[in-house]
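The figures here come from the full heavy-atom set of this structure, side chains too, leaving out hydrogens, waters and symmetry mates.
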Amino acid sequence: MKEASKTMYKIGRVFSYVLLGIYALVIVLNIILLAVDATKDGTPIGDNISNIVTCSIFLVLTILCIVFATRSIKEIEEGSKEAKPHIVMIVFGALCGDIFYLLGGIFGLVANGQSEEQSK
């Protein structure tokens with residue numbers, strides 16, 4: 001189960017890197033559209049501003065997901081039995097809508113439970 005959890009975190013990280021690029025591209029395009037609209041008629045459109053803010057929030061969440069996934073992978077490799085990194089990944093998987101982080105967290109908790117039962 002630990003290997004399944006680690007694999008899910010790695011797959012989730014790949015998707016997060018793709019999303020990171022997409023969010024950055026959308027932010028840049030909306031800034032360009034905002035500048036073009038401002039030079040055209042002098043008033044910026046609120047849609048562009050709301051898109052920039054929304055994508056910026058998701059960009060920060062995606063960066064946090066990547067950081068926490070990397071830390072969780074390292075803790076799995078070190079053989080840590082803590083539940084905290086897996087719970088954090090379940091929460092961020094739910095916030096970001098990434099099923100791989102969510103499943104990886106669940107698999108990590110199950111693996112921790114199995115290792116505790118075997119040690120008894």
Side-chain angles (χ1 to χ4, degrees):
M1 278 303 220
K2 284 187 179 187
E3 288 301 316
S5 178
K6 192 164 76 169
T7 303
M8 288 294 174
Y9 289 151
K10 287 182 180 182
I11 293 170
R13 259 192 343 187
V14 169
F15 281 106
S16 290
Y17 283 122
V18 171
L19 282 175
L20 196 70
I22 291 171
Y23 290 141
L25 182 66
V26 169
I27 290 170
V28 169
L29 288 176
N30 277 300
I31 290 173
I32 291 170
L33 288 173
L34 190 66
V36 167
D37 287 341
T39 58
K40 227 197 266 182
D41 52 0
T43 57
I45 296 176
D47 290 341
N48 292 337
I49 295 171
S50 66
N51 284 341
I52 292 169
V53 171
T54 304
C55 285
S56 298
I57 291 169
F58 281 122
L59 184 74
V60 169
L61 281 175
T62 304
I63 291 170
L64 287 175
C65 280
I66 291 170
V67 169
F68 287 130
T70 304
R71 292 176 79 191
S72 295
I73 290 170
K74 285 181 183 175
E75 288 199 21
I76 290 172
E77 289 172 349
E78 292 172 358
S80 174
K81 306 247 190 265
E82 276 191 51
K84 183 179 110 177
H86 303 298
I87 293 171
V88 168
M89 290 310 299
I90 289 172
V91 170
F92 273 98
L95 282 175
C96 295
D98 196 337
I99 190 74
F100 295 108
Y101 290 145
L102 194 63
L103 288 175
I106 293 170
F107 291 160
L109 288 177
V110 169
N112 283 348
Q114 286 177 347
S115 65
E116 286 178 9
E117 286 178 11
Q118 291 175 355
S119 65
K120 289 182 181 180

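Note: Leu61 CG to Leu64 CG = 6.5 Å, rounded to the nearest 0.5 Å. Put simply, SG on Cys96 and CE on Met89 are 8.5 Å apart, with the number rounded to the nearest 0.5 Å. Taking CG of Leu59 as the reference point, atom OG1 of Thr54 lies at 12.0 Å (rounded to 0.5 Å). The CE atom of Met1 sits 10.0 Å away from atom CE of Met8, with the distance rounded to the nearest 0.5 Å. In this structure, Asn112 CG and Lys81 NZ are separated by 7.0 Å, a value rounded to the nearest 0.5 Å.
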With side chain to side chain contact (heavy atoms under 4.5 Å, CB included) as the test, would you mind laying out the steps for Cys65 and Asp98 before giving the verdict?
CA-CA 9 Å; Cys65 280; Asp98 196 337; over 6 Å; no
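Residues passing the side chain to side chain contact (heavy atoms under 4.5 Å, CB included) test with Asn48 are Asn30, Leu33, Leu34, Asp37, Ile45, sequence neighbours excluded. Every residue two or more places apart in sequence or in another chain that forms a side chain to side chain contact (heavy atoms under 4.5 Å, CB included) with Leu29 is listed here: Leu25. Considering only residues two or more places apart in sequence or on other chains, Ser72 meets the side-chain hydrogen bond (donor to acceptor under 3.5 Å, both in side chains) condition with none of them. Annotation: side chain to side chain contact (heavy atoms under 4.5 Å, CB included) contacts of Ile87 (sequence neighbours excluded): Ala83, Leu109. Residues forming a side-chain hydrogen bond (donor to acceptor under 3.5 Å, both in side chains) with Thr7 (at least two apart in sequence, or on another chain): none. Residues passing the ring-ring contact (aromatic ring centres under 6.0 Å, His included) test with Tyr23, sequence neighbours excluded: Phe58. Residues satisfying the ring-ring contact (aromatic ring centres under 6.0 Å, His included) criterion with Phe15, sequence neighbours excluded, are Phe100.
For residues 59-77, every residue pair satisfying the salt bridge (charged side-chain N to carboxylate O under 4.0 Å, His left out) rule, not counting sequence neighbours, is listed here: Lys6-Glu77. Listed by first then second residue, pairs satisfying ring-ring contact (aromatic ring centres under 6.0 Å, His included) with a partner in residues 77-96 read Phe68-Phe92, not counting sequence neighbours.
Side-chain heavy-atom separations under 4.5 angstrom define the hydrophobic clusters, and the remaining members of the one that includes Ile32 are Val28, Val36. Through side-chain heavy atoms spaced under 4.5 Å, either directly or across other Ile, Leu, Val, Met, Phe, Trp or Tyr residues, Val26 is tied to Val18, Ile22.
When all heavy atoms of Ser5 and Ile76 are compared, the pair lying nearest together is OG-CD1, 3.6 Å.
A donor-acceptor pair under 3.5 Å is absent between the side-chain atoms of Tyr9 and the main chain of Ile73, judged by distance alone.
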